[in-house]
2 protein chains.
Amino acid sequence: MESALSSHHDKGQALLYLTDEQLRQGIEAMFFAYRGFTADPDRILAQFSYGRAHHRALHFINGAPGTTVNNLLNILGVTKQSLNRVLRSLIEDGLVESHVGKKDRRKRHLFLTVEGVKLEQKLSNAQRLRMRSAFRTAGPEAVAGFRTVLEAMMDPKMRNTYSNMRDNGS
Amino acid sequence: MESALSSHHDKGQALLYLTDEQLRQGIEAMFFAYRGFTADPDRILAQFSYGRAHHRALHFINGAPGTTVNNLLNILGVTKQSLNRVLRSLIEDGLVESHVGKKDRRKRHLFLTVEGVKLEQKLSNAQRLRMRSAFRTAGPEAVAGFRTVLEAMMDPKMRNTYSNMRDNGS
DNA sequence: TTGGAATGTCAACAAGGCTGACATAAACTT
DNA sequence: AAGTTTATGTCAGCCTTGTTGACATTCCAA
C-alpha cells in the first residue's frame with residue numbers, strides 16, 4: 001500500500017516519518033501498547049469482579065477528592081447512567097462515599113473510603129510498575145516524546161482537561 | 001539517555017521523570033490519547049452499525065491478506081467465539097471472504113473484498129489523519145520516543161508479534 | 001485408525017456502553 | 001408565592017462485545 005521508499009530506517013527520518021507505513025505502525029503500536037497498559041490492573045480487577053470502568057472512577061476520584069458526578073462525567077466521557085451503575089456498586093461495596101453538596105444540594109461530592117484508597121493503590125501500583133519499567137527502558141527523551149505525541153493525539157477538549165489536571169496536580 | 005533539562009528545577013529530569021506524579025501523568029495521557037485515537041473511526045463505524053471489533057478485524061486482515069482465523073485470534077487476543085461473531089457479520093455483509101486452505105483444509109484464509117478494502121481505507125484514513133497531525137505537531141524526535149515507549153509497554157509476546165509485522169510490512 | 005488440532009456453532013451470561021423516562025433540587029420568571 | 005426551566009441524578013431496558021462451556025465437523029499426523 002505504500003511506496004518503495006520506506007524500505008529501511010534512518011534515511012532521514014525527518015522526511016520519512018509521515019508515510020502511511022509509519023502511521024500504520026503508530027496505529028498498531030497504540031493498539032498493542034494500550035492492551036499492555038491495561039493488562040495488569042485488569043487482572044486485579046477481575047479478582048474483585050470489577051472492570052475497567054470501576055478502575056477509571058477510582059482513579060479520578062482519588063485524583064480529585066470531592067469531585068462531583070458531573071465533573072467525573074466530563075472527564076470519563078460516558079453517560080451519567082453508565083457512570084451511575086459503576087458508582088453505585090462502588091458505594092454499596094464501601095469503596096466510595098457520596099456526600100450531598102452543602103452550597104448546592106443537587107450535587108454529590110465523591111470521596112474514596114479507606115478501602116477505596118487501598119484498591120486504588122493496588123491498581124495504580126501495578127500500572128505504574130509497568131509504566132516505570134517502560135519509561136526506564138526508553139529513557140527520558142523518549143518519555144518526553146511519548147508525552148508530546150499523546151497530548152497532540154487527544155481531542156482538544158480533553159487536552160485542556162488533561163493540562164489542568166497536570167498543572168493542579170504537580 | 002542524557003538528561004533533559006526542560007523543567008524549572010535544576011535537579012535534572014533524569015532524576016525526576018520517574019516520580020509517581022510523572023507516572024500518573026503518563027497513565028492519564030494514555031487514557032485520553034487512546035480515546036482520541038479511536039474517536040474518528042468510531043464515528044464512521046457507527047454509521048455502518050459496526051463496532052471497534054469489526055475495525056480491528058478489517059485492519060489486520062488488510063495488513064495480512066490470507067491470514068488464518070487462528071492467527072487473527074492470537075493478534076486480537078479474544079476468543080474464537082467473539083471473533084467469529086464479528087467475522088460472520090463481515091462475511092455476510094460481503095466485506096470479508098473466507099477461503100478454505102488448500103494445503104490444510106481445516107484452515108480458513110481471510111481476505112477483504114473490494115467493499116471491505118473500501119471501508120478499511122475509510123477507517124484508516126480517518127485514523128491516520130489524526131495520527132499524522134499529532135506526529136507533525138510533535139516532530140520526528142518525539143515520534144521516535146513515542147514509538148520507543150509504546151513498544152516497551154507492550155506485553156513481550158505482543159512485542160514480538162508487533163516487530164514481525166513491522167519487519168515484514170516495511 | 002485414533003488422537004489432536006483447527007474451525008464453527010449454539011447457548012448463556014456479564015460488563016459497560018447507550019437512550020428514554022422520570023424525580024428532585026435549585027434557579028429563574030412572572 | 002407560584003410556576004417554569006435547568007441541572008443533576010436514578011431507574012429500566014437495549015446493544016455490542018467480551019467471556020465459558022458443550023459439542024460437531026473436518027482433516028492432519030503418528
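The sequence lines fix the lettering, A, B, ..., with proteins before strands; numbering per chain opens at 1.
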Trainee: Could you tell me if the side chain of B:Lys102 sits less than 4.5 Å from the side chain of B:His109, heavy atoms only?
Mentor: no
Trainee: Base contacts versus sugar-phosphate-only contacts with protein, heavy atoms under 4.0 Å: please encode nucleotides 5-10 of chain C as B, S and - from 5' to 3'.
Mentor: BSBBBB
Trainee: Considering only residues two or more places apart or on different chains, which pairs with a residue in residues 68-105 of chain B satisfy ring-ring contact (aromatic ring centres under 6.0 Å, His included)?
Mentor: B:His99-B:Phe111
Trainee: Out of A:Met153, A:Met165, A:Glu151, which one pairs with B:Phe32 under the side chain to side chain contact (heavy atoms under 4.5 Å, CB included) rule?
Mentor: A:Met165
Trainee: Roughly how many Å is it from CG in A:Asp42 to C1' in C:dA15, rounded to a whole number?
Mentor: 12 Å
Trainee: Taking the six-membered ring for Trp, are B:Phe37 and B:Tyr34 parallel (under 30°), tilted (30 to 60°) or perpendicular (over 60°)?
Mentor: tilted
Trainee: Ignoring hydrogens and geometry, is there a side-chain-to-backbone donor-acceptor pair from B:Thr113 to B:Gly94 under 3.5 Å?
Mentor: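 A pair under 3.5 Å: yes.
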Trainee: Could you tell me whether A:Phe31 and B:Tyr162 have their ring centroids closer than 6.0 angstrom?
Mentor: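 No, they do not, as the ring centres are separated by 6.0 Å or more.
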Trainee: Using OP1 and OP2 only, check whether a side-chain N or O of B:Thr79 sits under 4.0 Å from D:dT19.
Mentor: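 For D:dT19, OP1 or OP2 has a side-chain N or O of B:Thr79 closer than 4.0 Å.
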Trainee: Is any side-chain nitrogen or oxygen of A:His54 closer than 4.0 Å to OP1 or OP2 of C:dG16?
Mentor: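 For C:dG16, OP1/OP2 do have a side-chain N/O of A:His54 under 4.0 Å.
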Trainee: What is the separation between atom CZ on A:Arg43 and atom C1' on D:dG18, rounded to the nearest whole Å?
Mentor: 17 Å
Trainee: I want to check one thing: is the phosphate of C:dA15, taken as OP1 and OP2, less than 4.0 Å away from some side-chain N or O of A:Arg56?
Mentor: no
Trainee: Once hydrogens and angles are ignored, does a donor-acceptor distance under 3.5 Å link the base of D:dG18 to the side chain of B:Arg85?
Mentor: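 Such a pair is found, so the answer is yes.
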Trainee: Want to settle it: does A:Leu83 or A:Gly101 sit nearer the 5' end of DNA chain C, counting the closest nucleotide to each?
Mentor: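 Upstream on the strand: A:Leu83.
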